[in-house]
Enquirer: 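Quick one: structure below, then a few questions.
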Number of protein chains: 2
Amino acid sequence: MPEAPRRQSRIQKKNRETILTAALQEFAAQGYAGTTIDRIAETAGLSKPNVLYYFPSKEAIHRELLEALLDMWLAPLREIRADGDPLDQILAYARRKLEMSRDYPRESRLFANEVLQGAPRLSPILGGALRELVEDKAALIETWAEQGRIARLDARHLLFSIWALTQHYADFEVQVRAVLGQGHDPYAEAEPFLDQLYRRLLAP
Amino acid sequence: MPEAPRRQSRIQKKNRETILTAALQEFAAQGYAGTTIDRIAETAGLSKPNVLYYFPSKEAIHRELLEALLDMWLAPLREIRADGDPLDQILAYARRKLEMSRDYPRESRLFANEVLQGAPRLSPILGGALRELVEDKAALIETWAEQGRIARLDARHLLFSIWALTQHYADFEVQVRAVLGQGHDPYAEAEPFLDQLYRRLLAP
DNA sequence: CGTGATCCTGACCAACTGGTCAATATTTTG
DNA sequence: CAAAATATTGACCAGTTGGTCAGGATCACG
């Protein structure tokens, strides 16, 4: 059953939001273990007991962030449909994922941190809903391949490649920027590169 | 000046090695903050004070691991030479990086953890030695491109793509396995996929 | 075999962490 | 505006953490 849409006072709404934003910042930058409730509170401009007035525990904050994240994270993949041009749709998916890395790098890093540590709070979803979604879209992509509308390839690994290539720019941002040096816009450069890559890979 | 090759007793050599192995295991799985000296000691089969007899601090262990890692990590890139077939060399590089993800996933995750948290103990190297190395190899690759021996592309982002695509299989291993389910060998499947991808991307 | 160097440990410590709670301040609402 | 509901806090606690240290065990070597 979906959680009852609990009545929230004005203050409750605002403070829960503030805390979640601060926590996202901290968890993404320091990881779960490296983040203290005190730092979350400080970033949020609240006292530690006050943070714990709105959330029962540090883990509860983390869990809530992850849940909210997942919906958002998978939305672009859901939008791949059987109708429309195969190449356009896959290119659009890659482009949208790259935009998400650019616009929501903290979310990307939160996710990366979690998966990197073995996804202790997420693995049921990875093996459940995510797996089914991938299965579904991979089947569609392979149908396209069989019809000769795109190249024959391993659709699951195609999806992995899109994840890897786009999230890399958020998750390894320091490295990318250190290597490129100043005066580069990683995302602006990545877009045409990925476009070129997938056009060539997918050409029938 | 390079560190003097300090004399090490038999026991010292063995125990330092044991500790580093245990620490790699822990740091890769739990991150820096999530790892305790006690756990390292337990995994190594030693007492905590004994671990601190061989290393002055937790951070020193971590730093030593990172330093050792970096040489190993960049070796394959160094092997790209001006002589030899361009396509072969880039494909071989990608293949070797994939093998490293398969054979040294803990090293990959240690590195990912570090970069993800902003590379606090590594950024000078990223912007220094790594940057120079990339600059060097990127120039070479772009020469090949200008000569029409491979497709024209952004060489730096080509290298990023190789890092992203290969390290993904180690860093996001739980996700890859959860999505593929049992009965799949991610690395065995990834190899031909990456081969196909780079052959098509690089074809003049 | 003995003695100096190396190795190892239990006991300890100060700082920090997640979390509690009773008391107080502020809002909301009848 | 008064009382009830909500929000906030300082003080506190028990457990954990990185790290120290004095003393004892073990080893290498003349």
Side-chain angles (χ1 to χ4, degrees), chain A residues 3-66 110 113-114 117 120-121, chain B residues 3-66 110 113-114 117 120-121:
Chain A
E3 303 229 337
R6 313 187 43 153
R7 303 188 131 251
Q8 283 196 16
S9 75
R10 178 181 60 90
I11 296 177
Q12 230 169 89
K13 201 168 184 175
K14 185 193 65 177
N15 281 353
R16 283 180 55 94
E17 192 53 42
T18 310
I19 292 168
L20 287 173
T21 304
L24 172 59
Q25 169 74 24
E26 296 302 317
F27 283 136
Q30 331 283 339
Y32 180 78
T35 297
T36 68
I37 304 183
D38 246 328
R39 293 261 324 149
I40 296 174
E42 199 190 328
T43 302
L46 300 172
S47 69
K48 180 169 71 161
N50 205 6
V51 167
L52 287 164
Y53 172 75
Y54 290 101
F55 293 89
S57 68
K58 174 177 158 182
E59 210 200 314
I61 304 177
H62 192 246
R63 192 170 33 241
E64 191 146 327
L65 278 174
L66 279 180
L110 176 71
N113 260 305
E114 174 68 7
Q117 326 258 308
R121 292 161 248 272
Chain B
E3 303 227 339
R6 316 185 42 150
R7 304 188 131 252
Q8 285 195 15
S9 75
R10 176 180 59 88
I11 297 179
Q12 227 171 94
K13 202 169 183 175
K14 185 192 64 175
N15 281 352
R16 284 181 54 93
E17 192 53 42
T18 310
I19 291 167
L20 287 173
T21 304
L24 172 60
Q25 169 75 25
E26 297 300 318
F27 283 137
Q30 332 282 336
Y32 181 78
T35 297
T36 68
I37 304 181
D38 246 327
R39 292 261 324 151
I40 295 174
E42 199 190 328
T43 303
L46 300 172
S47 69
K48 182 171 71 162
N50 204 8
V51 167
L52 287 164
Y53 171 75
Y54 290 101
F55 293 89
S57 67
K58 174 177 157 182
E59 210 199 313
I61 304 178
H62 192 245
R63 193 171 31 241
E64 191 146 330
L65 279 174
L66 280 181
L110 175 72
N113 261 306
E114 174 68 7
Q117 327 253 310
R121 294 163 245 273

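Every chain is numbered from 1, with letters handed out A, B, ... down the list of sequences.
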Enquirer: A/Phe27 vs A/Tyr32 aromatic rings, parallel, tilted or perpendicular, using cut-offs 30° and 60°?
Expert: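 Ring orientation, 0 to 90° scale: parallel.
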
Enquirer: Atom CD1 in A/Ile40, atom CD1 in A/Ile61: separation rounded to 0.5 Å?
Expert: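 If we round to the nearest 0.5 Å, A/Ile40:CD1 and A/Ile61:CD1 are 4.5 Å apart.
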
Enquirer: Nearest-Å distance, CD1 (A/Ile11) to C1' (C/dA25)?
Expert: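 To the nearest whole Å, that distance equals 11 Å.
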
Enquirer: I need the CG-P distance between B/Asn50 and D/dA25, as an integer number of Å.
Expert: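 Between P of D/dA25 and CG of B/Asn50: 16 Å.
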
Enquirer: Counting heavy atoms from C-beta on, name the nucleotide in D/dG19, D/dT17, C/dG19 closest to the side chain of A/Lys48.
Expert: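 Output: C/dG19.
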
Enquirer: Please state whether the phosphate of D/dT6, meaning OP1 or OP2, lies under 4.0 angstrom from any side-chain nitrogen or oxygen of A/Gln12.
Expert: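 For D/dT6, OP1/OP2 do not have a side-chain N/O of A/Gln12 under 4.0 Å.
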
Enquirer: Please compare B/Ala33 and A/Val51 by the position of their nearest nucleotide in DNA chain D and report the one closer to 5'.
Expert: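 Looking at the nearest nucleotide for each, A/Val51 comes out on the 5' side.
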
Enquirer: Which whole-number value in Å describes the distance from A/Tyr32 OH to C/dT17 P?
Expert: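 Spelled out: OH on A/Tyr32 to P on C/dT17 is 14 Å.
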
Enquirer: Nearest to the side chain of B/Ser57, which nucleotide is it out of D/dG19, D/dC27, C/dG18?
Expert: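 So the side chain of B/Ser57 is nearest to D/dG19.
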
Enquirer: Starting from C1' on C/dT17, measure out to NZ on A/Lys58 and report it in whole angstrom.
Expert: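 It is 8 Å, rounded to the nearest whole Å.
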
Enquirer: Using the side-chain heavy atoms of A/Pro49, tell me which of these nucleotides is nearest: D/dC21, D/dG10, D/dC27.
Expert: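 Nearest nucleotide to the side chain: D/dG10.
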
Enquirer: Check B/Thr21, B/Thr36, B/Thr43 against B/Glu26 for a side chain to side chain donor-acceptor pair (under 3.5 Å) and give me the one that passes.
Expert: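 Result for side chain to side chain donor-acceptor pair (under 3.5 Å) with B/Glu26: B/Thr43.
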
Enquirer: From NZ of B/Lys14 over to C1' of C/dC8, roughly how many Å is that when rounded to an integer?
Expert: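 Interatomic distance, NZ of B/Lys14 to C1' of C/dC8: 12 Å.
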
Enquirer: By the 4.0 Å heavy-atom rule, please label A/Leu52 as base, sugar-phosphate, or nothing.
Expert: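 The residue A/Leu52 makes base contact.
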
Enquirer: Given C/dG10, C/dC8, D/dT9, identify the nucleotide with an atom nearest to the side chain of A/Ser47.
Expert: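 Selected nucleotide (nearest to the side chain): D/dT9.
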
Enquirer: Please check if any side-chain donor atom of A/Asn113 sits under 3.5 Å from a side-chain acceptor atom of A/Gln30, or the reverse.
Expert: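 Not at all, the side chains of A/Asn113 and A/Gln30 share no donor-acceptor pair under 3.5 Å.
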
Enquirer: Would you say B/Ser9 reaches C/dA5's phosphate, i.e. side-chain N/O to OP1/OP2 under 4.0 Å?
Expert: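 No.
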
Enquirer: The side chain of A/Tyr53 is closest to which nucleotide in this list: D/dT6, C/dT17, D/dG18?
Expert: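 Looking only at side-chain atoms, A/Tyr53 lies closest to D/dT6.
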
Enquirer: How many whole angstroms separate atom CD of A/Glu59 from atom P of C/dT17?
Expert: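 These atoms are roughly 18 Å apart.
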
Enquirer: Answer yes when B/Glu59 and B/Arg63 have at least one side-chain N-carboxylate O distance shorter than 4.0 Å, and no when they do not.
Expert: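 Here B/Glu59 pairs with B/Arg63 in a salt bridge, since their nearest N and O are under 4.0 Å apart.
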
Enquirer: Nearest whole Å is fine: how far is C/dC8 P from B/Phe55 CZ?
Expert: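 Between P of C/dC8 and CZ of B/Phe55: 13 Å.
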
Enquirer: Between C/dG10 atom P and B/Asp38 atom CG, what is the distance in whole Å?
Expert: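 Spelled out: CG on B/Asp38 to P on C/dG10 is 12 Å.
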
Enquirer: Quick one: is A/Arg10 getting a side-chain N or O under 4.0 Å of the C/dT28 phosphate, OP1 or OP2?
Expert: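 Yes.
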
